[in-house]
Amino acid sequence: MNPLTSAEHAHEPLDESLQGLPTVVSGTPTNTRKLYLESYGCQMNFSDSEIVASILNDAGFSTTRNEAEADLVLLNTCAIRENAEQRVRTRLRQFKKAKKDRPQLVVGVLGCMAERLKESLLEQEKLVDLVVGPDAYRDIPNLVDQVQGGQKAVNVLLSREETYAEISPVRLDTNGVTAFISIMRGCDNMCSFCVVPFTRGRERSRDPQSIVREAHELFEAGYREVTLLGQNVDSYKWNVDNKGQVKNPEEPVVRFAELMERVAMVNPDLRVRFSTSHPKDMTDDVLHAMAKHENICKYIHLPAQSGNSDVLKRMNRGYTREWYLERIDAIRRIMPVCAISTDIIAGFCGETEEDHADTLSMMESVQYEMAYMFAYSERPKTLAERKFEDDVPAEMKSRRLQEIIALQKVHGAARTKALVGHTYRVLVEGVSKKSDEEYFGRTTHNAVVVFPKENAQRGTYVNVHVDDCTPVTLRGKITTAEAII
Ligand code: 5AD
Ligand code: SF4
C-alpha cells in the first residue's frame, strides 16, 4: 500500500508502523538535475513535498527514487516528538558520509525541524548545506544556487500569507485515486504540548476557489478521493479576519462546512475526507454538511488527547471532558453512521492515576474505531516546557500508554467485527499487499476491505459484501446487492 494514502490526519501518519519509513517520491524525468526527496511525519508534510517537487520541477529538477543518482537530497522533517527528530538525524549522518564520495551533492532539511535546528544542523554538526522552513519553499531554487556557489543557505522565515495557493502539486508516489489538498497552513491553537505553532507559524486559509479548482483538476485526472488538510480544519475561514469581521463585503464568507460542500459538489463520484477536526471548534453545521452529502465520508478524526478536564486545561485544549463527549453525541445524533478516531497522549505533566483512568473511561464510552496513541514527549519552546514539570516517570508513561493501546485494540477489533455481514460501497484503491489476485479499498468509514479483483478497475466504486475480518481489515466479495452505505 502506498504510505501516502494511508497517512492520518494533518499531523501524523495513519499507521504508527509507517512512521520513520520515508516516502520516496518520483516524477517525470524531463529535467536534467535530479532531486531525491524523503518525507517524514504528517500528511501535511507529504502534501508540502508535492509542492516542493512542483517548484523544483519548474527549476529544472526531476525527482528520482534512487538516492545514488541525486544532485539534491531534501528531507522534509517532523519535530512533533523527539524520536521523529532522532530518525532524521540518523539519516542525515548517512548522507554526510555519501558526500565524501560525491562532494557536489547538496543536502537540505525542510519542514518542522528547520527553524529550531538551523544553527546546529548547519554550523555545529555540519550535517546539511541547506535549511528551509515550511513557508519558504518558493525560495528553494535560489538557495540551491547559493549552495552551489559555495555558501550555506537558510530561509526559515514564517509568513502570514503564504498558502502556495496557485502551485499545482506534482503528485508523488500516487495511486492515481486518492490525493491530499492542503486548505490551510499553520496553527493558532497553542496546545501546550505542541511544537507546531512554532514550526509552522500562524494559521491562514487558502482561497476556496483555488481549492475547488484543484479538486476539479484531480477529478478530471481520474482521482476519486480528496482529503482536505489543515491542522484544525474547523477554523478554516475565508474573507473574515481573526476578529470575525468580514474583509471584503462584495465577496462571500466561506467557512469549513461550506468549503466542504463546494468540494463535494465537484462530482458525486469524488469522495471527500478531511483532517484534523478540533473538538473545541467542530460545529453542528459541519456535521449537517457531512450528513447531507453522500460523498463526504462518514469518518471524523477528533483528537481528545485526554479524558480528564484538569489535564485538558493544562494542555490548553479549550474544552472539557463533558464538552468533548457532547461533540461525540452530536456526531451520533446527526449521522446514524460515522466512524470516529482520536489521538491520545499518555503521561502529560501532572497526570495522576485517576486522570489516566478518566482517559480509559472516556475511551470506553466513545469506543473509537481507531486511535493514535503517544507517550508525552517534552518539546522545546512549548508552553508545557516553560510552565510545567515533565513529572510522570518514563516507565509510568509507558505503562499507561500500553493500557491505552490494549483497550483500543479491543474497541477497534469490535468496531471492525460489527461491519461484517453487510454490503458497502468501496472505492478501489489498488492491488492488495498480500495477493495480486485481490484489490483493497475503503468504505466510507475508512475501513480497509480486501476482495477478489473480478473485473473491477482501480479508481471505480464497487459494492462489496463483507463476510470476514481480522482485527483491522475486512474481507469480502464484489456483489450486485445494494450497499447499506
Ligand atoms: N508529545 C506527545 N504527543 C504529541 N502530540 C503532539 N505533540 C506531542 C508531544 N509533545 C500528538 C498529539 C497530536 C498528534 C499529532 O501528536 O496527540 O494530536
Ligand atoms: Fe498542535 Fe493543537 Fe495546533 Fe494540533 S491544534 S497542531 S495539537 S497546537
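Residue numbers start at 1 and run along the sequence shown. What's counted below: heavy atoms across the whole structure, side chains too, no hydrogens, waters or symmetry copies. Each ligand, and each atom within it, is numbered from 1 in the order the structure gives. Computed from a prediction, not measured in an experiment: that's the story for all the values here.
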Would you mind checking if R202 and D135 are paired as a salt bridge, meaning a charged N to carboxylate O distance below 4.0 Å? no
Output yes when R206 and E166 qualify as a salt bridge under the 4.0 Å nitrogen-oxygen rule, no when they do not. no
What atoms of ligand 2 come within less than 4.0 Å of a heavy atom belonging to H278? 5 (S)
Need the ligand 1 atom indices (1-based, order shown) with element for anything under 4.0 Å from a heavy-atom of Y376. 1 (N), 2 (C), 10 (N)
For E378, is at least one N or O under 3.5 Å away from an N or O on ligand 1? no
Spacing of CG belonging to L117 relative to CG belonging to L92, to within rounding of 0.5 Å: 10.0 Å
Per-atom contacts, ligand 1 versus I345 - under 4.0 Å to a heavy atom: 3 (N), 4 (C), 5 (N), 12 (C), 17 (O)
Counting only heavy atoms, which portion of A384 has something under 4.0 Å from ligand 1: side chain, backbone, both, or neither? neither
Closer than 3.5 angstrom, by distance alone: can the side chain of N189 be matched with the main-chain N or O of C191 as a donor-acceptor pair? no
Contact atoms of ligand 1, heavy-atom distance to Q305 under 4.0 Å: 12 (C), 13 (C), 17 (O), 18 (O)
Report yes or no: does C187 have an N/O/S atom closer than 2.8 Å to atom 2 (Fe) of ligand 2? no
Side chain or backbone of V196 under 4.0 Å from ligand 2, or both, or neither, by non-hydrogen atoms? side chain
Numbering the atoms of ligand 2 from 1, which are under 4.0 Å from a heavy atom of N189? 5 (S)
Is it true that R200 lies under 4.0 Å from ligand 2, counting heavy atoms only? no
Under the 6.0 Å and 45° cation-pi test, does R138 pair with Y164? no
Distance check, rounded to the nearest 0.5 Å: K247 atom NZ versus D241 atom CG? 6.5 Å
Within ligand 2, which atoms have a heavy atom of F193 less than 4.0 Å away? 7 (S)
Within less than 4.0 angstrom of ligand 1, does C191 place any heavy atom? no
Is ligand 2 under 4.0 Å from a heavy atom in the side chain of P197, in the backbone, in both, or in neither? side chain
Compute both the distance and the angle, then confirm whether R224 meets the cation-pi test with F219: under 6.0 Å from the six-membered ring centre, within 45 degrees of the axis. yes
For R379, atoms of ligand 1 separated by under 4.0 Å from a heavy atom: 10 (N)
When rounded to the nearest 0.5 angstrom, what distance separates CZ in R273 from CE in M260? 12.5 Å
Heavy-atom distance to atom 1 (Fe) of ligand 2: which of C194, S235, S277 wins? C194
Look only at interatomic distance and state if D343 has a nitrogen or oxygen under 3.5 Å from any nitrogen or oxygen of ligand 1. yes
One should read off an interatomic distance between L228 CG and M184 CE, to the nearest 0.5 angstrom, of 11.0 Å
Do any nitrogen or oxygen atoms of C194 lie less than 3.5 angstrom from nitrogen or oxygen atoms of ligand 1? no
Roughly how far, to the nearest 0.5 Å, is the CZ atom of F256 from the OG atom of S205? 10.5 Å
Are side-chain heavy atoms of T473 and T416 found at a separation under 4.5 Å? no
Mode of F193 contact toward ligand 1 - side chain, backbone, both, neither (heavy atoms, under 4.0 Å): both
Suppose I only count heavy atoms of Q231 and a 4.0 Å limit; which atoms of ligand 2 are within that range? 6 (S)
Pick out which of T276, T342, D343 makes a side-chain hydrogen bond (donor to acceptor under 3.5 Å, both in side chains) with H301. D343
